[in-house]
Amino acid sequence: MAEPGGIAEGDLEAAGLRLSVTGEVATVSLVRPERRNAMTGRTWEALAHVGQTLSESVRIVVVKGEGSSFSSGIDLNMFRPGGVEGETSLMDRIARGSADDAELDAVIAGYQEGFRWLRRPDIVTVAAVRGHAIGAGFQLALSCDLRVLADDAQLCMKEPALGLVPDLTGTKPLVDLVGPNRAMELCLTARTVSAAEARELRLAELVVEGAELDAAVDDLVAALLAVPREAASATKELLRGAPGRTLEEQAAAERRAQAGRLTAMAAQAARG
Ligand code: ACO
């Protein structure tokens, strides 16, 4: 059986993911609750595939975890001899000397593709986070445009405590949101951030009681859908680019975007 976008449902489920599309809204769920939604290389490849094959009609993507945790991050079996069942163990290959730097770069770039598409301007992505979002799980939430947290959410950038760096595109949004010093403090202590602190640090747009999480996300999605798609896309692109531009450059970007909008609206009015 194929999901919208031609992804075999069985392949997604085997990778720990489920995709459901209703109208303009896609929901990507992590579905290994018995492992607290730990993710493997295959999960990230499947996530990239979801992004590549997402129906053009989809405007909003909600990312959530089944069960009590959003995600416990990387499947720790990836670091153990033998790795994860059914997947080539990168650690074993490195130990054997059969994975050079270029290859590692390519493998990690492939994993990052699972996270990068969530910033695309043609969609708005919302992370619905309950319980733990650790390491790669935290980075997945950070990759989304907006984060709605249940009050039991616990965020932790655990990678440095395990001898690693966060490499799944989470460092940029973290620094953009909380600033380099706070990002350093969070990463280098690998401490856990509560939902209340996450709101203070602007890591969450909204914090609600656990029982209200789904309803709060539904309300947010409805509000996002009420804004015309083209205006939303152009505005998202404008806002995402703002931190890297000077005021002059941003003003010019606003003018370009607005000219595009006005032209499109005039053409639409002329068509009646
Ligand atoms: N990888 C593999 N298995 C995991 C992971 C994981 N990341 N997280 C949980 N599990 C497994 C546990 O081993 C346990 O398996 P078992 O039932 O066979 O014993 C099962 O999932 C349930 O986990 P518990 O620890 O019993 O659940 P609890 O709710 O008490 O704790 C928590 C959840 C806090 C997430 C805990 O499991 C944990 O700390 N996991 C590891 C987190 C981690 O270090 N992730 C890596 C971050 S770095 C990165 O992502 C790059």
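Numbering of ligands and ligand atoms starts at 1, following listing order.
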With atom 7 (N) of ligand 1 as the reference point, say which of Asp75, Leu162, Ile74 has the nearest heavy atom. Ile74
side-chain hydrogen bond (donor to acceptor under 3.5 Å, both in side chains) partner of Asp75, chosen from Arg42, Arg80, Arg32, Arg35: Arg32
Can an N or O of Gly73 be found at a distance shorter than 3.5 Å from an N or O of ligand 1? no
Just by distance, no angles: are the side chains of Asn37 and Ser69 close enough, under 3.5 Å, to form a donor-acceptor pair? no
How far is atom 1 (N) of ligand 1 from its nearest protein heavy atom, and which residue and atom name does that atom have? Leu76 N, 2.9 Å
Glu34 near ligand 1, heavy-atom distance under 4.0 Å? yes
Among protein heavy atoms, which sits nearest to atom 42 (C) of ligand 1, and what does the distance come to when rounded to 0.1 Å? Ser72 O, 3.5 Å
Atom 31 (O) of ligand 1 touched by protein (heavy atom, under 4.0 Å): no
Among all protein non-hydrogen atoms, which one is nearest to atom 44 (O) of ligand 1, and what is the separation to 0.1 Å? Lys158 NZ, 2.9 Å
Among Gln112, Arg119, Glu113, which residue satisfies the side-chain hydrogen bond (donor to acceptor under 3.5 Å, both in side chains) criterion with Thr169? Arg119
Test your reading of the structure: does Arg36 have an N or O sitting under 3.5 Å from an N or O of ligand 1? yes
Does any N or O atom in Ala38 lie less than 3.5 angstrom from one in ligand 1, N or O only? no
Would Ser233 and Asp122 count as a side chain to side chain donor-acceptor pair (under 3.5 Å) if you check the C-alpha gap in whole Å, the side-chain angles of each, and the deciding distance to 0.1 Å? CA-CA 5 Å; Ser233 298; Asp122 59 319; over 6 Å; no
Counting from 1, what ligand 1 atoms have a heavy atom of Ala136 closer than 4.0 Å? 49 (C), 50 (O)
When you check the gap from the basic side-chain N to the acidic O, do Asp145 and Lys236 get nearer than 4.0 Å? yes
I need the nearest protein heavy-atom contact for atom 38 (C) of ligand 1: residue, atom name and distance, please. Ile134 CD1, 4.6 Å
Mind checking whether Ser69 has an N or O less than 3.5 Å away from an N or O of ligand 1? no
Compare all side-chain heavy atoms of Met39 with those of Leu30 and state whether any distance is below 4.5 angstrom. yes
Note, Leu142 side chain near Thr171 side chain (heavy atom, < 4.5 Å): no
To check your reading of the model: name the closest protein heavy atom to atom 11 (C) of ligand 1, its residue, and the distance in Å. Arg35 NH1, 3.5 Å
Quick check: do Phe70 and Val63 have side-chain heavy atoms less than 4.5 Å from each other? yes
Any heavy atom of His132 under 4.0 Å from ligand 1? The part involved is side chain
With the threshold set strictly below 4.0 angstrom, can you tell me whether any protein non-hydrogen atom sits that near atom 36 (C) of ligand 1? no
Using distance alone, with no hydrogens and no angle criterion, decide if Glu87 and Thr40 have a side-chain donor and acceptor under 3.5 Å apart. yes
Got a sec: does the CD of Glu185 have more than 12 other heavy atoms crowding it under 6.0 Å? yes
Is there a protein heavy atom less than 4.0 Å away from atom 27 (O) of ligand 1? yes
